[in-house]
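For reference, the structure discussed in these notes is given below.
A quick note: this is a predicted structure, and the numbers were derived from the prediction, not measured. Quick note: residue numbers are just sequence positions, from 1.
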Amino acid sequence: MSSVTAHFDLPLDGSAPGWARSAVTAVLGGWGLRDPAWLDDAAVVVSELVTNAVRHGGGQIVVDVEAYGRQVIVSVADGSSVVPRPREPDGTGGLGLRIIESLTTRWYVQSYQGGKRVRAELPLSPGRGVTEAGTSRTERA
């Protein structure tokens with residue numbers, strides 16, 4: 001099975017979630033993972049992870065995307081060691097982790113360079129997934 005990875009460093013500001021959504025969907029599409037509904041869900045997951053890092057983390061935000069065939073894992077690291085916990089929604093938030101839980105097969109937290117990394121495993125992507133050549137793209141460029 002082929003694997004590919006991508007890594008992005010983001011500033012800790014309000015533009016980070018939008019930038020992460022665009023970058024991750026472009027990378028996944030470039031790898032041949034192009035199902036529109038699946039990509040939309042992947043974009044929501046990475047956006048929620050990055051939004052949580054902006055609101056509750058510190059330092060620089062690091063986004064990693066890994067694909068192993070049809071399996072994709074997105075992770076977002078920040079400088080805070082505080083582990084996120086689901087909470088009751090209120091006027092300031094509380095839905096992010098619930099959304100992530102509903103769109104992933106699982107999510108978990110790891111220690112990462114003095115802070116934390118939240119990893120989210122997406123459901124298997126439809127189609128062939130990443131092939132030995134690095135993408136599943138079959139059409140001509």
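Residues Asp40 and Val44 have side chains not in contact (no heavy-atom distance under 4.5 Å, counting atoms from C-beta outward). The shortest side-chain heavy-atom distance between Glu101 and Pro86 falls under the 4.5 Å cut-off.
A distance of 9.5 Å separates OG1 in Thr5 from NE2 in His7, rounded to the nearest 0.5 Å. In this structure, OG1 on Thr104 lies 10.0 Å from CG on Leu97, to the nearest 0.5 angstrom. Distance check, rounded to the nearest 0.5 Å: CH2 of Trp107 to CG of Leu49 gives 9.0 Å. Going from atom CG of Asp35 over to atom CG of Asp41 covers 9.0 Å, rounded to the nearest 0.5 Å. In this structure, CD1 on Ile61 lies 13.5 Å from CZ on Phe8, to the nearest 0.5 angstrom. Taken to the nearest 0.5 Å, the CG atom of Leu33 stands 11.0 Å off from the CD atom of Gln71.
Using a 3.5 Å distance cut-off with no hydrogens or angles, the side chains of Arg21 and Ser47 do pair a donor with an acceptor. Neither side chain, Ser80 nor Asp78, offers a donor N or O lying under 3.5 Å from an acceptor on the other.
In this structure, Ser22 contributes its side chain and Trp19 its backbone to no donor-acceptor pair below 3.5 Å. The closest donor-acceptor contact from the side chain of Arg119 to the backbone of Arg106 lies at 3.5 Å or more, if one exists at all. A distance-only check finds a donor-acceptor pair linking the side chain of Arg70 to the backbone of Gly127 [under 3.5 Å]. When atom types are taken as modelled, the side chain of Ser75 and the backbone of Arg117 share no donor-acceptor pair closer than 3.5 angstrom.
Listed here is the closest heavy atom pair of Ser81 and Gly114: CB-O, 4.1 Å. The minimum heavy-atom distance between Trp38 and Pro123, with the atom names listed, is NE1-O, 2.9 Å. Shown here for Ala53 and Val76, the closest heavy-atom pair between the two residues is CB-CG1, 3.9 Å. Taking all atoms of both residues into account, the shortest heavy-atom contact from Leu122 to Val74 is CD1-CG1, 4.5 Å.
Hydrophobic clustering, with ILVMFWY side chains joined whenever heavy atoms are under 4.5 angstrom apart, groups Ile99 together with Val50. With hydrophobic clusters built from ILVMFWY side chains whose heavy atoms lie under 4.5 angstrom apart, Ile73 does not share a cluster with Leu124. With hydrophobic clusters built from ILVMFWY side chains whose heavy atoms lie under 4.5 angstrom apart, Tyr68 does not share a cluster with Tyr108.
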- side-chain contact (heavy atoms from CB on, under 4.5 Å) between Arg87 and Arg98, intermediate numbers included: CA-CA 9 Å; Arg87 63 182 176 91; Arg98 292 174 192 267; over 6 Å; no
- Item | Intermediate values then yes/no, side-chain contact (heavy atoms from CB on, under 4.5 Å), Asn52 and Val118 | CA-CA 10 Å; Asn52 285 347; Val118 181; over 6 Å; no
- Item | Trace of the side-chain contact (heavy atoms from CB on, under 4.5 Å) decision for Val62 with Tyr112 | CA-CA 10 Å; Val62 177; Tyr112 182 80; 4.0 Å; yes
